[in-house]
Amino acid sequence: MADASYPEDLLYHAEHDWARIEGDTATFGVTWFAQDALGEVVFFEPPQVGARITGGEPYAEVESVKAVSDVIAPLSGEIVEVNAALADGPEAINEDPYGAGWMVKVRLADAAEKDALMDSAAYQQTLS
Amino acid sequence: MAAASPDTALKHTSLHERHADAGAKLVPFAGWEMPVQYAGVRAEHLAVRSTCGIFDVSHMGEIEVMGPAAGELLQRLLSNDVDKLEVGGAQYSVLCNEDGGVLDDLFTYRLAKDHYLTVTNAANHEKDLAWFRRHCEPFEARVSDSAAAYAMLAVQGPLAREIVQSMADAPLPDRFTVRRRRLLGKDVLVAGTGYTGEDGVELLLDPADALTIWDDALRRGAVPAGLAARDTLRLEACYHLYGNDLMESRGPIEAGLGWACKEATGFIGSEAVAAVRAAGPDERLAPFKLTGPGIARPGNPVAGGGEVTSGTLSPCLGIGIGLAYLPAARASVGTELDIDVRGRVRGAVVASKPLYQR
């Protein structure tokens, strides 16, 4: 497991989720802090493409050996792509939470919602 | 964060500093702060299956019973036939209430003719101790709380005996026996028992000596393993966990522990246990494997009746496994199950014990 990192180019939700916004779509995943707290992720079932998700609400579950945790959507929208590779290789969420461990791509419902998210520095403040 | 009051302060084992220094994740467990994992559950689990793991299980309690009627008292309390327990032997049993519900599951070691040591689950220790004391009066026996007198280490895996033997002054005891040995010059009770499904030993020793043994075991190749790996290992081996698979509201026959109950001895609860055995239990605890993706968890209901009491992903099998109480007619090996995992139906099949065997 790599050292803690919180890339500057991402936006963060207080429930330990990140969003990488590119135009009207965004990629979501969980932060280094979240994967470290979970421990080894052993199961992730991606949601359905086409599902509508709401910012602040759970859209998937991630399971470690000991427990199951909700994954919270940082923003609202419609899922346009899921990371199918996580079904067979959920450990990517631990090994590369901002890269190969991405979870879904979403067409955003409301571009203004992102104003409620935090930048890397503000998110890291919430962790101390 | 406010400082914990003395009442709620978590107890530390004598190895706490070692765990913290090793970067272990420490969690509250039955009043103790215990290492749940070090490097990672999967690596620790596989180390126990392939080489050797060492667990600090000093949170577990000990009750010693001594005196001319010590055996008689234990015969009244414990479900197994304590008369069959020879000096130097180890015996598994359950502690039942009058209704035949399970108060705890326990290993008892006979250290001398009139001297027994029983290991309790940490969460049950005070309850068990009160139960022992409540029933000891008519017997010429003394019940002592020895929880603070012992640290407990479990050294488990194919290389465990070799590693511990290399510290010892004499051959280690066989499976299900116990002997006093000197390890690195320290007095240790060595028991051929465990909770992982692997060969190995459990060590009961003065907390002041635990560090010496722990450090030396690590130097000889034992891998520190936490409570999370202990749980996945015991579940692959189909060992019960009190609080999950055993509880006061169910009896030992339902739990599949009829082999550890000898009702003819007249232990407390034996009449109720005998009645369930004679009539056949309404439900049985059965191991299961998921047939597709997913992980069933404690509390998940089973279609047609029953509930999961333990569930995880098996590190050795790579699939969801667990234990569930099922209607007796639906508890036989091969029965297909539909488990409701948070609203999603997951297919499973009743499997034979153990779920994993090398």
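Protein chains get the first letters and strands the later ones, always in sequence-line order, with residue 1 at the start of each.
Listed by sequence position, B:Thr312 are the residues of residues 299-312 of chain B in contact with chain A, using a 4.5 angstrom heavy-atom cutoff. Taking 4.5 Å as the heavy-atom cut-off, the residues of residues 66-75 of chain A that approach chain B are A:Lys66, A:Ala67, A:Val68, ordered by number.
For A:Asp88, the CG atom is loosely surrounded, since the number of other residues' heavy atoms within 6.0 Å does not exceed 12. The environment of B:Arg49 atom CZ is dense: over 12 non-hydrogen atoms of other residues, nucleotides or ligands sit within 6.0 angstrom. Crowding of A:Glu78 atom CD: a count of heavy atoms from other residues, nucleotides or ligands under 6.0 Å exceeding 12. For B:Glu248, the CD atom is densely surrounded, since the number of other residues' heavy atoms within 6.0 Å is greater than 12.
The choice from B:Gln37, B:His45, B:Lys25, B:Arg342 that makes the most heavy-atom pairs within less than 4.5 Å of chain A is B:Arg342.
When all heavy atoms of B:Pro293 and A:Glu45 are compared, the pair lying nearest together is CG-OE2, 4.3 Å. Between B:Arg297 and A:Val65, the shortest heavy-atom contact is NH1-O, 2.9 Å.
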- request: Go through the steps to decide whether A:Glu40 and B:Leu313 satisfy the test side chain to side chain contact (heavy atoms under 4.5 Å, CB included), and finish with yes or no.
  value: CA-CA 11 Å; A:Glu40 294 143 274; B:Leu313 185 100; over 6 Å; no
